[in-house]
Amino acid sequence: SRDPDGTTFPDLASDADVLLDADALGHPLLPPVGAVRNRVRLARGEVVVVTGSNMAGKSTFLRAVGVAAAMAWAGAPVAAARCRVAPVRPFTSMRVGDALQEGVSTFYA
């Protein structure tokens, strides 16, 4: 069920070929107004290549995917219109000084 603030409780799929399938997925720390939302489908055995210019939102997109997967299995709502998540094992590497709210990314910092 989707809330007015742009969040929804995801459907959990214990055994699925699609690891994450979401509509209007965004980063939960960014305000819904003006935030870029994406359609995301990550299937088992597939590789997704994320490209773009510097400070175009690649790391924010990847964080949104990882946070959605972790929050879903923790029982929390995710920043999406619709979301279905299978068990995943997220890995990450990020600069601890990033500040999404201030527009400071790993590249910019």
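Below, each value reflects all heavy atoms present in this structure, side chains not excepted, and no hydrogens, waters or symmetry copies.
Ala72 meets the side chain to side chain contact (heavy atoms under 4.5 Å, CB included) test with Pro10, Leu12, Val78, Val85; sequence neighbours excluded. Applying the side chain to side chain contact (heavy atoms under 4.5 Å, CB included) criterion to Ala56, with sequence neighbours excluded, gives Ser53. Annotation: side chain to side chain contact (heavy atoms under 4.5 Å, CB included) contacts of Ala70 (sequence neighbours excluded): none. In this structure Arg39 satisfies the side chain to side chain donor-acceptor pair (under 3.5 Å) test together with Asp21, Asp23, sequence neighbours excluded. Remark: Val40 pairs with Leu20, Leu25, Asn38, Leu42, Phe61, Val65 by the side chain to side chain contact (heavy atoms under 4.5 Å, CB included) rule, at least two apart or across chains.
Remark: side-chain polar atoms of Lys58 are paired, donor with acceptor, to backbone N or O of Gly52 under 3.5 angstrom. Under the 3.5 Å distance criterion, the side-chain polar atoms of Trp73 are left unmatched by any main-chain donor or acceptor of Ala68.
Across all their heavy atoms, Arg84 and Ala16 have their closest contact at NH1-CB, 4.0 Å. Minimum interatomic distance between Pro77 and Met71 (heavy atoms only, all atoms of both residues): O-CE, 3.4 Å.
Within the structure, salt bridge (charged side-chain N to carboxylate O under 4.0 Å, His left out) contacts touching residues 44-55 (residues at least two apart or in different chains) do not occur.
Listed by chain and number, the hydrophobic cluster partners of Val18 come to none, as no ILVMFWY side chain reaches under 4.5 Å of it.
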